[in-house]
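Comments concern the structure below.
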Amino acid sequence: MEKEKVITTKQLTKQFGDFTAVNGISFEVHKGEIFGFLGANGAGKTTAIKMLCGLLAPTSGEAAVAGFDVYKQAEKIKKNIGYMSQKFSLYDDLTVRENMRLFAGIYGMDRKTIKQRTEEKLKQLELEPQADDLVNSLPLGWKQKLAFSIAIFHDPKIVFLDEPTGGVDPLARKQFWEMIYTAAHNGITIFVTTHYMDEAEYCDRVTIMVDGEIKALDTPGNLKETYEAESIDEVFYKLARTATRKAD
Amino acid sequence: MRVLLFLLQKEFLQIFRNKTILAIIFVAPVMQLLILPNAATFEVKNIMMSIVDRDHSSYSQKLVEKLRSSGYFILTDYSASYKDGLKAIEHKKADLVIEIPAHFERDLIRHSKADILISVDAINGVKASVGGAYATQIISMFNRDIRAEWLPATRYNNAPMINITYSNWYNPLMNYKTFFVPGILVLLLTLVGGLLTALNIVREKEIGTIEQINVTPIKKIQFIAGKLIPFWITGLVILTIGFIISALVYHIIPAGSFLTIYLFAAVYLVAFLGFGLLISTYSNTQQQALFVTFFFLMVFFLMSGMFTPIESMPHWAQVLTYFNPVRYFVEVIRLVVLKGSSLFDVKRQLLVMCMFALGFNTWAIVNYRKTT
């Protein structure tokens with residue numbers, strides 16, 4: 001049986017002037033999978049994710065997210081996705097509870113549902129004692145977990161995570177991946193970029209991006225087999241050796 | 001609509017949590033209204049005067065006394081020669097030198113004619129012209145007094161004189177504060193409308209929160225209304241605080257109706273909020289927004305008629321002021337506060353302001369993009 005596709009791209013390209021950040025990438029993401037996007041800094045991961053989220057208009061190529069076209073139906077896509085940016089971007093001067101209420105409100109949820117779900121989420125995050133603290137008082141690891149739970153607060157079909165575990169300690173990273181598994185288990189498709197190779201092992205399928213192009217796309221197991229490598233780390237080095245682009 | 005309520009709740013929480021913004025909104029206006037009208041005075045007082053009295057007669061002393069007792073001049077230097085008097089100007093000890101030549105009294109009595117020289121330091125143009133004019137006026141009064149002394153009122157008095165009686169309409173006491181305070185209210189509203197909005201939105205760009213907003217299905221108009229409404233309300237609150245201070249401290253109560261002022265202010269704020277929004281769509285950092293806004297506000301203020309009359313500007317500058325929104329509010333608030341003009345009297349200005357409001361906001365909304 002053919003799996004339902006929630007993201008499809010064909011020759012998706014983004015140029016900034018003379019610079020081609022993303023060069024003709026084509027792939028499909030299936031419903032409910034954890035889809036990993038691997039690449040060095042500057043490989044074009046963030047640009048790709050922003051095009052899929054409707055934050056950046058592609059230069060050429062095709063892409064559909066949740067069945068909607070990125071050129072013409074960006075706002076419809078936005079209803080169906082959650083997004084967590086590389087840079088922490090919740091409101092520092094609002095409390096945990098207020099941030100949840102704000103974003104849930106923007107997605108059109110009613111106050112009663114918001115209240116209920118806020119309590120649930122706080123319990124899951126074990127953030128109940130800090131619920132009324134300003135977000136800027138939380139440690140980074142907690143902020144990231146909070147950002148993730150706000151990204152999936154409105155039950156999106158797909159959630160895009162752009163280097164969600166950057167700068168976070170190993171324990172918090174592990175906890176973070178547990179949250180990702182739970183969300184995937186609940187039927188949310190996860191699109192995650194990372195430059196931690198060990199995290200690639202947690203994904204159902206992995207894409208390796210080098211210099212704006214997709215060099216490999218398969219399950220972690222298959223990739224290791226194809227490239228005769230012990231780990232994804234090794235696969236990555238074999239592929240990334242050809243890179244010419246400098247990290248930004 | 002419900003989305004908007006969530007956004008408004010968020011903005012107000014943030015405004016009330018930010019001590020700096022609170023101070024800018026509520027303390028700065030009070031300070032400005034208490035300090036500026038007193039410090040930025042249009043009246044010229046304490047003009048330093050150097051007297052070169054080479055006559056040493058009773059008339060020359062009377063004249064000096066008259067100048068001193070006028071309240072505008074302070075005798076800071078008494079020089080023996082005109083040259084010394086000029087030195088006093090050079091050393092910043094005097095603003096003007098009045099030289100009473102030798103034989104002043106004798107010439108006055110014998111020939112009914114005498115000369116006096118006034119030399120003014122014109123580095124400060126306002127002080128020079130006003131000081132010179134005061135001195136001239138006092139001397140001519142002195143002149144009239146001695147004529148009256150010599151020529152007792154007889155019907156043969158063959159020196160006809162025109163007596164001028166002034167009547168200052170709309171500001172009978174010529175109180176410059178009555179004139180200046182409404183201008184400061186305009187200044188405050190403009191700052192809140194233009195600057196705070198621009199900085200607020202660009203700050204969200206800087207810290208990246210706007211990206212989290214742009215990735216939601218929020219409508220442009222909801223986001224913009226969520227940003228503009230809180231500052232619109234803030235602006236009207238500031239105007240109210242301003243009027244309370246004006247009434248309590250300066251006893252300025254508009255001769256016209258508050259309704260006219262508030263209606264105009266409401267439209268004016270929409271225009272400047274749109275202006276701030278427009279700046280924010282072109283800036284990526286708060287620094288850029290700040291500099292660009294200040295550049296425009298500086299020009300707008302100086303060319304608004306707030307400090308100098310538009311009528312005295314060169315023709316091309318007068319034409320430019322028609323494109324300056326501040327000009328219209330300064331004009332209207334003075335008309336309503338001092339002259340008691342009605343809404344009907346200022347309908348032309350209101351119409352122009354509506355056009356500014358529409359223009360700035362349309363431009364800003366078109367230029368605001370969720371997808372780059």
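In what follows, chains carry the letters A, B, and so on, assigned in the order in which the sequence lines appear, proteins first and then strands, with residues in each chain numbered from 1.
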### Query
So which part of Phe103(A) gets closer than 4.5 Å to some heavy atom of chain B, the side chain, the backbone, both or neither?
side chain

### Task
Select one option (side chain, backbone, both, neither) describing which atoms of Ile207(B) are under 4.5 Å from chain A's heavy atoms.
backbone

### Query
Which region of Asp110(A), side chain (C-beta onward) or backbone (N, CA, C, O), has a non-hydrogen atom less than 4.5 Å from a non-hydrogen atom of chain B, or is it both or neither?
both

### Query
Any chance the side chains of Tyr282(B) and Gln288(B) put a donor and an acceptor closer than 3.5 Å?
no

### Query
chain B heavy atoms under 4.5 Å from Lys87(A): which part of the residue, side chain, backbone, both or neither?
side chain

#### Entry: Aromatic plane relationship, Phe296(B) with Phe300(B) - under 30° parallel, 30 to 60° tilted, over 60° perpendicular
tilted

### Summary
Cut-off 4.5 Å, heavy atoms of chain A, and the answer for Gln222(B) is neither

#### Entry: Contacting moiety of Glu75(A), where chain B heavy atoms sit under 4.5 Å
both

### Message
If I measure from the heavy atoms of chain B, does Lys76(A) come under 4.5 Å with its side chain, its backbone, both, or neither?
### Response
neither

### Task
Given ring-ring contact (aromatic ring centres under 6.0 Å, His included), test Phe160(A) with Tyr83(A) step by step and report yes or no.
CA-CA 5 Å; Phe160(A) 291 89; Tyr83(A) 168 72; 7.5 Å; no

### Query
Where on Ile81(A) is there a heavy atom nearer than 4.5 Å to chain B: the side chain, the backbone, both, or neither?
side chain

### Task
Tell me yes or no: between the side chains of Asp162(A) and Thr193(A), is some donor less than 3.5 Å from an acceptor?
yes

### Query
How long is the span from the OG1 atom in Thr194(A) to the CD atom in Gln86(A), to the nearest 0.5 Å?
10.5 Å

### Query
Is a donor on one side and an acceptor on the other found under 3.5 Å between the side chain of Thr9(A) and the backbone of Phe27(A)?
yes

### Toward chain B, the part of Leu134(A) with a non-hydrogen atom under 4.5 Å
side chain

### Task
Can you sort out the partners of Asp93(A) under side-chain hydrogen bond (donor to acceptor under 3.5 Å, both in side chains), two or more places apart, ordered by chain and number?
Gln14(B)

